[in-house]
Amino acid sequence: MNLEQARTNMVEQQIRTWEVLDQDVLDLLYTVPREEFVPPEYRNLAFTDMEIPIGEGERMWAPKVEARVLQELTVKRTDRILEVGTGSGYLTALLAHRAAHVYSVEIRPTLAAAGQANIARHGVDNVTLEVADGARGLPPGFPYPGPYDIVVLTGSVPMLPRALLAALAPGGRAFAVIGEVPLMTASIVSRTAHGSPPSFRTTALFETVIAPLANCEQPSRFSF
């Protein structure tokens with residue numbers, strides 16, 4: 001397999017055609033070797049337009065989704081990022097290349113260890129990874145309480161937890177896939193720069209379906 005040709009095909013045929021035109025984002029896909037963040041048995045599928053199993057019932061996003069989210073978040077060198085759901089560590093590494101620091105939490109110790117090893121192997125030194133459940137907000141005593149300029153949820157949620165919105169700094173933004181099967185929408189939720197109480201604006205990006213975030217908050221349901 002010609003890895004570099006496969007990577008180029010991914011960028012040109014999948015990612016550019018999905019409205020990802022930020023050259024810095026496209027260049028980063030050549031810098032961070034995606035194939036080294038997937039399990040070895042799926043290495044030949046690293047550049048295909050599909051979600052890849054990484055164990056524990058979890059999957060990496062399709063490449064076009066990773067790139068599109070990175071573009072839409074407009075990450076700056078001064079940004080502090082909270083990522084809920086480390087997974088393979090690939091998105092973590094992409095974010096870290098553009099941000100000041102990424103604080104990532106992963107509920108599953110096995111995935112956390114694998115993600116940490118992937119990140120460390122590629123010399124990414126501005127990531128702090130904790131084994132913790134961040135689906136409903138940061139746990140009590142979490143050593144890095146924020147606020148954060150960006151919050152990223154890597155699993156879908158029926159609704160965005162208020163506790164995670166509260167962790168956003170003024171002017172900050174959160175990415176989440178919001179909804180339930182069969183209708184989910186990838187969205188950016190932005191906090192206004194000023195005002196108390198804070199107000200938020202939601203921008204819908206695209207429709208998709210991804211696995212739910214482990215232990216995410218559920219809406220109240222009425223039965224009759």
message: Any heavy-atom pair between the side chains of T8 and Y30 that's under 4.5 Å?
response: yes
- request: Side-chain contact test, heavy atoms from C-beta onward, threshold under 4.5 Å: evaluate it for R98 versus L94 and give yes or no.
  value: no
query: Ignoring hydrogens and geometry, is there a side-chain-to-backbone donor-acceptor pair from R136 to N215 under 3.5 Å?
result: yes
message: Tell me if a side-chain donor or acceptor on N118 pairs with a main-chain N or O of S88 at a distance below 3.5 Å.
response: yes
query: Are the side chain of T86 and the backbone N or O of A112 linked by a donor-acceptor pair below 3.5 Å?
result: no
message: If I compare all heavy atoms of L26 with all of V11, which pair ends up nearest, and what's the gap?
response: CD2-CG1, 3.9 Å
query: Mind checking whether L95 and D79 have side chains closer than 4.5 Å, heavy atoms only?
result: no
field: Value rounded to 0.5 Å, distance of CD1 in I188 from OG1 in T203
entry: 7.5 Å
message: Check R173 with E72, please: is the shortest side-chain N to carboxylate O separation under 4.0 Å?
response: no
Common cluster, V75/W61, ILVMFWY with side-chain heavy-atom separation under 4.5 Å: yes
Minimal non-hydrogen separation, L45 against I52, with atom names: O-CD1, 3.3 Å
query: Should the heavy atoms of other residues, nucleotides or ligands under 6.0 Å from CZ of R121 be counted, would the total exceed 12?
result: yes
message: Is it the case that the side chains of S187 and T202 hold a donor-acceptor pair, with the cut-off being a distance below 3.5 Å and no angle test?
response: no
query: Are the side chain of D49 and the backbone of K64 linked by a donor-acceptor contact shorter than 3.5 Å?
result: no
message: If we ignore hydrogens and angles and just use 3.5 Å, is the side chain of T154 paired with the main-chain N or O of V84 as donor and acceptor?
response: yes
